[in-house]
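Here is the structure we will look at, set down as structure tokens.
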Amino acid sequence: MSWVYLFIAGLFEIGWAIGLKYTHGFTRLVPTVLTAVSMALSLGLLGIALKTLPVGTAYAVWTGVGAVGTAILGVYLLGEPASAGRLACIGLIVAGIIGLKVVS
């Protein structure tokens, strides 16, 4: 179950990372509140996952899920570049996440 909590924590990390863009420097109330709630949920779920998972593994997976999801949504929502090199690097992060799951 810890892996499920960790994955959901990573999804909330994506939410707050993308949410930061929409807060416009914390000047817009609704995006700011949603971003703060997402931050709290992300950290809370990470903390629950850390009860049974090694901190190095959990932190790497949490940041990896967040980085991959944020990069993909950056391309999709914000028009960021989707070059072959960038996509290959995102693929390497995904491979690392899968590798950590397999060896844990």
Side-chain angles (χ1 to χ4, degrees):
M1 196 66 184
S2 292
W3 283 96
V4 173
Y5 290 132
L6 183 59
F7 182 74
I8 296 169
L11 295 178
F12 279 110
E13 184 186 4
I14 296 165
W16 70 257
I18 293 294
L20 284 173
K21 182 75 171 174
Y22 292 100
T23 68
H24 291 262
F26 301 107
T27 60
R28 298 174 71 200
L29 180 62
V30 172
T32 297
V33 169
L34 292 174
T35 298
V37 168
S38 190
M39 285 177 176
L41 289 170
S42 180
L43 287 173
L45 289 167
L46 174 62
I48 292 168
L50 284 173
K51 288 181 181 180
T52 58
L53 296 174
V55 68
T57 299
Y59 187 75
V61 170
W62 179 66
T63 58
V65 169
V68 168
T70 302
I72 290 169
L73 285 179
V75 169
Y76 182 73
L77 295 175
L78 305 172
E80 295 175 359
S83 66
R86 187 172 189 200
L87 295 176
C89 290
I90 291 170
L92 289 171
I93 296 170
V94 171
I97 293 168
I98 293 169
L100 286 170
K101 172 63 173 133
V102 168
V103 300
S104 293

Check your understanding: How far does CD1 of I8 sit from CG of L41, to the nearest 0.5 angstrom?
Key ->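 If I round to the nearest 0.5 Å, the distance is 10.5 Å.
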Review point. Can you tell me how far CD1 of I48 sits from OH of Y5, rounded to the nearest 0.5 angstrom?
Key: 6.0 Å
When hydrophobic residues are tied together by side-chain contacts of less than 4.5 Å, even through go-betweens, does [X] share a cluster with [Y]?
X: L73; Y: L87; result: yes
X: F26; Y: V33; result: no
X: V68; Y: I98; result: yes
X: M1; Y: L50; result: no
X: L46; Y: V65; result: yes

Sorted by first residue and then second, give each salt bridge (Lys or Arg N to Asp or Glu O under 4.0 Å) pair with at least one member in [range]; sequence neighbours left out.
range: residues 42-63; result: none
range: residues 21-33; result: none
range: residues 72-87; result: E80-R86
range: residues 54-77; result: none

Not counting sequence neighbours, which residues clear side-chain contact (heavy atoms from CB on, under 4.5 Å) with [X]? List them please.
X: L34; result: V30
X: L100; result: T57, A60, V61
X: Y22; result: I18, P31, L77, L78
X: L53; result: S2, W3, L6, A49, A58

Exercise for review: Sequence neighbours left out, what passes side chain to side chain donor-acceptor pair (under 3.5 Å) with T35? Give chain and number order.
Suggested key: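 Side chain to side chain donor-acceptor pair (under 3.5 Å) check on T35 returns nothing, list empty.
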**Study point:** Residues which pass ring pair (Phe, Tyr, Trp, His ring centres under 6.0 Å) with Y59, listed by chain and number, not counting sequence neighbours
**Key:** W62
Shortest non-hydrogen contact from [X] toward [Y]:
X: A9; Y: S42; answer: O-OG, 2.9 Å
X: I97; Y: G64; answer: CD1-C, 3.4 Å
X: S38; Y: F12; answer: OG-O, 2.6 Å

Exercise for review: Not counting sequence neighbours, list each pair that qualifies as a ring pair (Phe, Tyr, Trp, His ring centres under 6.0 Å) and has a residue in residues 79-104.
Suggested key: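 Every pair satisfying ring pair (Phe, Tyr, Trp, His ring centres under 6.0 Å) with a residue in residues 79-104: there are none.
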Practice item. Among Ile, Leu, Val, Met, Phe, Trp and Tyr joined by side-chain contacts under 4.5 Å, find the other residues sharing a cluster with V75 and list them by chain and number. Key: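 Answer for V75: none, a lone residue.
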**Study point:** Derivation and outcome, side chain to side chain contact (heavy atoms under 4.5 Å, CB included), residues V4 and F7
**Key:** CA-CA 5 Å; V4 173; F7 182 74; 5.9 Å; no
Point to revise | Donor-acceptor contact below 3.5 Å, side chain T23 vs main chain L20 | key: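 Such a contact is found between T23 side chain and L20 backbone.
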